[in-house]
Amino acid sequence: MAELLRFRDDEPVDHPAVTVDAFLDQSNAAAVRIEPGDDARALIPHLDHVRLVEVNFPAFTDGRGYSAARVLREAGYAGELRAVGDVLVDQLSAMRRCGFDSFAPDRPFDPADADAAFRHWPHVYQPAADGRMPIWNLRHGTDNG
């Protein structure tokens, strides 16, 4: 199994994730794996009992997983959202902004590089799933972003 970088306090799910199709056929699994081309919206009616959603990135150039993460977070999913596969350290900050809170890359990150990736952009320009306040709100003292 890939090395896990996790930003949650709850216990990790200790069993493998099932495919979206398998989950929809049985819907008693607590862990689901989204592949490119799967529609994350199919999980929305079931989010109350899903503890882990893995989003597979078979190639770092495939950005569909970012959209899946945002769809799930905007639908209220509060469980673990894990990016797996060809996840690069310089993608970590953007992935966190989309709602990922754990990472299982094919190739382990140097911990110092991962920490630097999260600290690289101290300010953001638009609201996102991570809840960080946009810089324009900070400049103008507003809280409506």
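Just so you know, these numbers use all the heavy atoms, side chains as well, and skip hydrogens, waters and symmetry mates. Sequential numbering from 1 along the given sequence is applied to the chain's residues.
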The criterion is side chain to side chain contact (heavy atoms under 4.5 Å, CB included); which residues satisfy it with [X], sequence neighbours excluded?
| X | result |
| --- | --- |
| Ala30 | His15, Arg51 |
| Asp9 | none |
| Arg33 | Ala17, Glu35, Glu54, Asn56, Val84 |
| Thr19 | Asp21, Ala22 |

(request) Sequence neighbours left out, what passes salt bridge (charged side-chain N to carboxylate O under 4.0 Å, His left out) with Asp86? Give chain and number order. (result)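 By the salt bridge (charged side-chain N to carboxylate O under 4.0 Å, His left out) rule, Asp86 matches Arg107.
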(message) Using the rule that Ile, Leu, Val, Met, Phe, Trp and Tyr join whenever any side-chain heavy atoms are under 4.5 Å apart, tell me whether Leu52 and Leu4 fall into a single cluster.
(response)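 In one cluster: no.
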(message) Are Val13 and Val18 connected into the same hydrophobic cluster when the rule is that any two of I, L, V, M, F, W, Y join if their side-chain heavy atoms are below 4.5 Å apart?
(response)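 No, Val18 does not connect to Val13 through the hydrophobic network.
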(request) Nearest 0.5 Å please: distance from the CE atom of Met95 over to the OG atom of Ser102. (result) 11.0 Å
(message) Once rounded to the nearest 0.5 Å, what's the spacing between atom CZ of Phe7 and atom CG of Leu92?
(response)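 These two atoms lie 7.5 Å from each other.
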(message) So, using ring pair (Phe, Tyr, Trp, His ring centres under 6.0 Å) as the criterion, who are the partners of Phe57 when residues are at least two apart?
(response) Tyr66, Phe100
Taking all non-hydrogen atoms of both residues, which atom of [X] and which atom of [Y] are closest, and how far apart?
| X | Y | result |
| --- | --- | --- |
| Gly99 | Leu81 | O-CD2, 3.6 Å |
| Ala31 | Pro16 | CB-O, 4.2 Å |
| Val20 | Ala42 | CG1-CB, 4.5 Å |
| Val87 | Phe109 | O-CE2, 3.5 Å |

(request) For Arg8, look at atom CZ and say whether over 12 heavy atoms of other residues, nucleotides or ligands are found less than 6.0 Å away. (result) yes
(request) From the options Arg73, Arg82, Arg96, select the one residue that forms a side-chain hydrogen bond (donor to acceptor under 3.5 Å, both in side chains) with Asp101. (result)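 The single option meeting the side-chain hydrogen bond (donor to acceptor under 3.5 Å, both in side chains) with Asp101 is Arg73.
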Taking C-beta and beyond as the side chain, do [X] and [Y] meet within less than 4.5 Å on heavy atoms?
| X | Y | answer |
| --- | --- | --- |
| Arg64 | Ile34 | no |
| Ile44 | Val71 | yes |
| Val50 | Leu72 | no |
| Leu43 | Tyr77 | no |

